[in-house]
Participant: 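Supplied in structure tokens, the structure appears directly below.
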Number of protein chains: 2
Amino acid sequence: MARVGLTPERLALAGAELADEVGFDQVTVSALARRFDVKVASLYSHLKNSQDLRTRIALLALEELADRAADALAGRAGKDALIAFADVYRDYAREHPGRYAAAQLRLDPETAAAGAGVRHAQMTRAILRGYDLAEPDQTHAVRLLGSVFHGYVSLETAGGFSHSAPDAQESWTRILDALDALLRNWPPTP
Amino acid sequence: MARVGLTPERLALAGAELADEVGFDQVTVSALARRFDVKVASLYSHLKNSQDLRTRIALLALEELADRAADALAGRAGKDALIAFADVYRDYAREHPGRYAAAQLRLDPETAAAGAGVRHAQMTRAILRGYDLAEPDQTHAVRLLGSVFHGYVSLETAGGFSHSAPDAQESWTRILDALDALLRNWPPTP
DNA sequence: CAGCTTGCCTAAAAGTATTAGGCAGTTGCA
DNA sequence: TGCAACTGCCTAATACTTTTAGGCAAGCTG
């Protein structure tokens, strides 16, 4: 019996690839075993259960996304940073739809806190350093940016903007223009 | 054998209730059969397959959501309309998390077009009548609003804003203030 | 090289999805 | 009203996924 050299990390990575190929909800312990040409039960030495697999894929995706975002943010500020950061999310979702779907998985709070979720929040806040926003408006703005990025990318990958003019890229550009303008001119509390 | 009086509509409704109780991804043909105290195979007279069930629940949710939104929009304009419309989405997601998750299901284009998706887009556009936006900026704004509403509600129901100040309601209010300000003062194309 | 760990295996049980074919309760028509 | 057709729910059967238990041998450890 040749040992294949499975590890939780390799399984998560292969699961992520599988997700990109067939969709995150089609990722199954059985399919993964097939991919390694190994019996299903063997995976249970490395995975607690199928939820564990999904969670690992989600954490992998969040990590990759945070790495890319950190890269994009380095050396940029203001609108440049805003656009670069936003593009990371959008590009990642387009390149890796399965991974992006995985990143949307509801994690229990401790798992999420242990993962890259915190980095994402910190980086979003870092973008706002280029704008003049005091608390609590800064937090409101963080949440707005998170909502727009996630919302737009979700709707676009769901096909919501296809088959209609103007194309999705143009709206994306103009929406980022608008957000930049909004952040530079955040309305006072009424 | 007492006839239970199953119909696709009753199954979709019961499926929606089940989704709200146990989560949309736990909605299964078997669970639904159990709920009606009927054998699983019996449901296949009314449903093509389990995907058909999920699609019907999604369409039901989209319809309910559109009905509520239409109601909220009646007799309102400008910022009032914006807030009322946005609150419909947020409240629906909080009251009916399973249904809201169902509404996010990727539908193939024809199914989506046949359903209430179009109404949603039209209503979002109706809100913008209270603002002075010409095409193509109007479409950009429609997409921005959709993204913010969907994104915020997703992140909030995923627990993204809990356990941190300020509370989610306050951010929501201020984000809607900000969007209103942005729509009243949409930046020109650079 | 002897022994121990452990990675992958077989076996088995439980749940879900789906199809085929049957019977009885209901409907519709004379 | 009576009978025929329909159709709603059933049993039976197959296939796939998840998960647990227990076994054997590969390869590291001394």
Side-chain angles (χ1 to χ4, degrees), chain A residues 1-60 98-99 101-102 104-108 111, chain B residues 1-60 98-99 101-102 104-108 111:
Chain A
M1 330 237 122
R3 301 211 167 183
V4 184
L6 303 178
T7 63
E9 290 70 30
R10 284 192 64 198
L11 290 173
L13 187 56
E17 287 163 11
L18 189 57
D20 285 336
E21 290 165 21
V22 303
F24 183 58
D25 42 351
Q26 304 300 316
V27 172
T28 169
V29 183
S30 304
L32 203 54
R34 247 174 267 133
R35 170 166 287 228
F36 281 100
D37 202 26
V38 139
K39 298 297 168 184
V40 191
S42 305
L43 300 197
Y44 282 83
S45 311
H46 308 281
L47 303 172
K48 208 161 76 53
N49 50 37
S50 77
Q51 184 55 39
D52 182 33
L53 170 62
R54 281 185 281 271
T55 302
R56 283 175 191 278
I57 298 173
L59 291 175
L60 171 75
R99 281 164 156 101
Q104 258 50 73
L105 186 69
R106 259 172 196 41
L107 302 173
D108 55 293
T111 311
Chain B
M1 335 244 120
R3 303 212 168 182
V4 185
L6 302 177
T7 63
E9 290 72 29
R10 284 193 65 198
L11 290 173
L13 188 56
E17 287 162 11
L18 189 58
D20 286 335
E21 289 165 22
V22 302
F24 182 57
D25 42 352
Q26 304 300 316
V27 173
T28 171
V29 183
S30 305
L32 202 54
R34 248 173 268 133
R35 170 165 287 226
F36 281 100
D37 203 24
V38 140
K39 298 298 167 183
V40 190
S42 306
L43 300 198
Y44 282 83
S45 310
H46 308 282
L47 303 171
K48 207 161 78 52
N49 50 37
S50 77
Q51 185 54 40
D52 183 33
L53 170 62
R54 280 185 281 273
T55 302
R56 284 175 191 278
I57 298 173
L59 291 174
L60 171 75
R99 282 162 153 102
Q104 257 51 74
L105 186 69
R106 258 173 196 41
L107 302 173
D108 55 294
T111 311

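Values below: every heavy atom of this structure, side chains too, minus hydrogens, waters and symmetry copies. Below, chain A is the first sequence line, B the second, and so on; all start at residue 1.
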Participant: Quick one, A/Phe24 and A/Gln104 - any side-chain contact, counting heavy atoms below 4.5 Å?
Facilitator: no
Participant: Given atom CG of B/Leu47 and atom P of C/dT19, what is their separation to the nearest angstrom?
Facilitator: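 The distance from CG of B/Leu47 to P of C/dT19 comes to 12 Å, rounded to the nearest Å.
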Participant: How many Å lie between CZ on A/Arg10 and P on C/dG7, as a whole number?
Facilitator: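 Computing the A/Arg10:CZ to C/dG7:P distance gives 13 Å.
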Participant: Are A/Ser42 and C/dC9 close enough that a side-chain N or O sits under 4.0 Å from OP1 or OP2?
Facilitator: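 So the side-chain polar atoms of A/Ser42 do come within 4.0 Å of the phosphate oxygens OP1 or OP2 of C/dC9, strictly under.
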Participant: Using a cut-off of strictly less than 4.0 Å, decide whether B/His46 has a side-chain nitrogen or oxygen near OP1 or OP2 of D/dT7.
Facilitator: no
Participant: Between C1' on D/dC9 and CG on B/Asp37, what's the gap in Å once rounded to a whole number?
Facilitator: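 Taking atom C1' of D/dC9 as the reference, CG of B/Asp37 is at 12 Å.
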Participant: Flag the pair A/Leu60 / A/Leu13 as yes when at least one side-chain heavy-atom distance between them is below 4.5 Å, and no otherwise.
Facilitator: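 Yes - at least one pair of side-chain heavy atoms lies under 4.5 Å apart.
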Participant: Roughly, in whole Å, what's the span from CG in A/Leu43 to P in D/dT20?
Facilitator: 13 Å
Participant: Whole Å only: how far is the CD atom of B/Glu9 from the P atom of D/dG8?
Facilitator: 12 Å
Participant: Going 5' to 3' along nucleotides 11-17 of chain C, which nucleotides have protein heavy atoms under 4.0 Å from the base (write B), which only from the sugar-phosphate (write S), and which from neither (write -)?
Facilitator: B----SS
Participant: In whole Å, I'd like the distance from the NZ atom of A/Lys39 to the P atom of D/dT19.
Facilitator: 19 Å
Participant: Would you kindly say whether B/Arg34 and B/Ser30 are connected by a side-chain donor-acceptor distance under 3.5 Å?
Facilitator: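 Judged by distance alone, the side chains do not pair up.
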Participant: Let me know the distance between CG of B/Leu6 and C1' of D/dC10, rounded to the nearest Å.
Facilitator: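 After rounding, the gap between these two atoms is 13 Å.
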Participant: Would you mind reporting whether A/Leu59 and A/Leu107 have side-chain heavy atoms less than 4.5 Å apart?
Facilitator: yes
Participant: How many angstroms lie between atom CZ of A/Arg35 and atom CD of A/Glu21, to the nearest 0.5 angstrom?
Facilitator: 4.0 Å
Participant: How many Å lie between CZ on B/Phe36 and C1' on D/dG8, as a whole number?
Facilitator: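 From B/Phe36 CZ to D/dG8 C1': 14 Å.
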Participant: Using side-chain heavy atoms (C-beta onward) and a distance below 4.5 Å, is A/Leu105 in contact with A/Ile57?
Facilitator: no
